[in-house]
Amino acid sequence: MRGQIRQSLSGYYDVMTSDGQEYRTRARGNFRKKKQTPLVGDFVDFKAEKADEGYILGIQSRKNQLVRPPVANVDKAVVVTACVEPDFSANLLDRQLVMLASNGIEPLIYFSKYDLVSTADQRQVLAEIATYYRQYYPTFIPQTPAEQKQVQAELLSELQGQVCVVMGQTGAGKSTLLNQLDPALQLETGEVSKALSRGKHTTRKVSLLDIHGALIADTPGFSSFELSNLTKEDLPRLYPDFQEYATACKFRGCSHIKEPQCAVRDAVASEKIWPSRYENYLQFYKMVVDDEKKKYR
Ligand SMILES: Nc1nc2c(ncn2[C@@H]2O[C@H](COP(=O)(O)OP(=O)(O)OP(=O)(O)O)[C@@H](O)[C@H]2O)c(=O)[nH]1
Ligand SMILES: [Zn+2]
């Protein structure tokens, strides 16, 4: 039989077949020899005489895998981005967008804490930033408590049938969002309550929850991405806004750094491309080039 692992807990893997039947399985000894560990999200071949006594026979190749949470074959990631507390960081957001794209994960952006933005000017700036990103990524920014339900329903409709993770900086509001999407989750939110309960969690359960048809990892993901394994040729292709203009660059494979007649740099100069995107791009580009130098030294 074939199915997808929906939950892992102390050596047991709950596998769901395409017709919605669930089987509790274990991995056979030969996995350990091969140092292969089944992950939630894996498509597996298994056999089971009874629903609670199955064995995984093989794991199909993965399109990607994350370390935190340990989930394979992730289709989409909701990047939770705080407007304030912690302050909005375009650098961090772009870093996450680039890393997700390079792993074949489609990013969605969810701006949290708009209600905590204190001045009208700041609210205006953040709304404009969200409008810019919305041209290239599904972007959500509930502006009033009344809007929140509707916006979250729209978010969920983008996630139908997809394996998803919620990511973002610490304190961004990942657990809060997950709780709002599925109140039964009852994840701890806020630093104090999390600090108090730390250490209590001894079980390492990972599951994909079916939240109104979206398969969302119940553990939020970590935000500290390394820009490793990227090449300087890859990097510009991971920017959908750059791609829109790059066809008009004089040179094929233009890096948009020093080449003459670069349509991307022109678009930055006229602010059709948001200049901060480009500034961060220059920084990431330098990091990638420096990494490559280290590797080949
Ligand atoms: N006012 C307001 N507060 C929010 C919002 N989202 C989250 N918070 C608060 O911000 C704090 C941090 O939220 P969490 O959901 O715990 O953040 P997290 O991203 O899960 O944090 P870590 O687990 O540390 O990575 C909590 O006190 C939440 O109540 C929001 O949209 N508006
Ligand atoms: Zn160019």
Side-chain angles (χ1 to χ4, degrees), residues 66 68-69 77-89 92-93 96 109-118 122-123 126-127 130 140-152 155 165-183 185-201 216-225 232-233 235-270 272-273 275 277-278 281-282 285:
L66 296 176
R68 227 177 118 179
V78 181
V79 181
V80 179
T81 303
C83 292
V84 286
E85 299 178 30
D87 276 343
F88 171 71
S89 160
L92 183 63
L93 174 58
Q96 294 178 89
I109 306 169
Y110 182 88
F111 284 99
S112 62
K113 307 197 189 188
Y114 189 83
D115 56 298
L116 296 181
V117 181
S118 53
Q122 256 190 307
R123 276 195 291 277
L126 283 154
F140 304 87
I141 180 165
Q143 300 197 357
T144 61
E147 241 181 56
Q148 192 173 284
K149 256 206 150 85
Q150 173 62 26
V151 170
Q152 290 180 0
L155 172 68
V165 297
V166 171
M167 335 209 101
Q169 201 175 4
T170 180
K174 300 178 294 293
S175 303
T176 301
L177 174 63
L178 277 167
N179 283 340
Q180 287 162 350
L181 295 178
D182 183 4
L185 266 176
Q186 301 190 331
L187 297 176
E188 300 260 13
T189 60
E191 266 169 57
V192 177
S193 55
K194 280 177 192 172
L196 286 174
S197 65
R198 222 153 262 157
K200 277 189 203 162
H201 294 283
I216 305 182
D218 68 345
T219 319
F222 205 54
S223 68
S224 89
F225 280 111
K232 59 181 188 299
E233 288 74 28
L235 190 64
R237 297 194 192 111
L238 300 173
Y239 283 75
D241 37 359
F242 293 14
Q243 288 303 94
E244 194 176 315
Y245 300 96
T247 47
C249 289
K250 180 168 186 210
F251 293 101
R252 250 174 198 275
C254 181
S255 68
H256 322 307
I257 309 254
K258 282 188 191 139
E259 295 90 336
Q261 297 179 45
C262 170
V264 168
R265 282 214 315 280
D266 290 348
V268 174
S270 62
K272 283 186 214 136
I273 290 176
R277 291 268 288 168
Y278 185 69
Y281 169 75
L282 291 180
Y285 193 89

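Just so you know, ligand 1 is whichever comes first in the structure, and atom 1 is the first atom listed for that ligand.
- Only protein N, O or S atoms were considered, and those under 2.8 Å from the Zn ion (ligand 2) are C249 SG, C254 SG, H256 ND1, C262 SG.
- Only one option out of L185, L178, D182, V165 pairs with D218 in a side chain to side chain contact (heavy atoms under 4.5 Å, CB included); it is L185.
- Note on ring orientation: taking the six-membered ring where Trp is involved, the planes of F242 and H256 are perpendicular (angle over 60°, cut-offs 30° and 60°).
- For the side-chain contact (heavy atoms from CB on, under 4.5 Å) test, residues two or more places apart in sequence or in another chain that qualify with L282 are I257, Y278.
- For the atom pair K174 NZ and L187 CG, the distance stands at 11.0 Å (nearest 0.5 Å).
- Of the candidates G190, G221, P220, G190 brings a heavy atom nearest to atom 26 (C) of ligand 1.
- For ligand 1, the polar-atom distance check against L116 finds no nitrogen or oxygen pair separated by under 3.5 Å.
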Next item on the list: Could you go through the side-chain contact (heavy atoms from CB on, under 4.5 Å) check for V166 and Y110 one step at a time?
Entry: CA-CA 10 Å; V166 171; Y110 182 88; over 6 Å; no
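- Counting heavy atoms closer than 4.0 Å to ligand 1, residue Q169 contributes backbone atoms (N, CA, C, O) but none from C-beta onward.
- Residue S175 places at least one N or O, backbone or side chain, under 3.5 Å from an N or O of ligand 1.
- Close approach of ligand 1 to A172 is summarised as follows: ligand atoms under 4.0 Å from at least one heavy atom of the residue are 17 (O), 19 (O).
- In the candidate list G173, P86, S112, G173 is nearest to atom 17 (O) of ligand 1, counting heavy atoms.
- Going from atom CZ of R68 over to atom OG1 of T219 covers 9.5 Å, rounded to the nearest 0.5 Å.
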Check: side-chain contact (heavy atoms from CB on, under 4.5 Å) between L177 and Q152: does it pass, once the steps are laid out?
Finding: CA-CA 9 Å; L177 174 63; Q152 290 180 0; 3.6 Å; yes
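- The atoms of ligand 1 that sit less than 4.0 Å from any heavy atom of T189 are 15 (O), 16 (O).
- Residues passing the side-chain contact (heavy atoms from CB on, under 4.5 Å) test with E233, sequence neighbours excluded: T231, R237.
- In this structure, G171 counts as a contact residue of ligand 1, since one of its heavy atoms falls inside 4.0 Å of the ligand.
- Listed by chain and number, the residues in a ring pair (Phe, Tyr, Trp, His ring centres under 6.0 Å) with Y285 are Y281 (sequence neighbours excluded).
- Considering backbone and side-chain atoms together, D115 places an N or O closer than 3.5 Å to an N or O of ligand 1.
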Checklist line | Criterion side-chain contact (heavy atoms from CB on, under 4.5 Å) on M167 and L66, from CA distance to verdict | finding: CA-CA 11 Å; M167 335 209 101; L66 296 176; 3.9 Å; yes
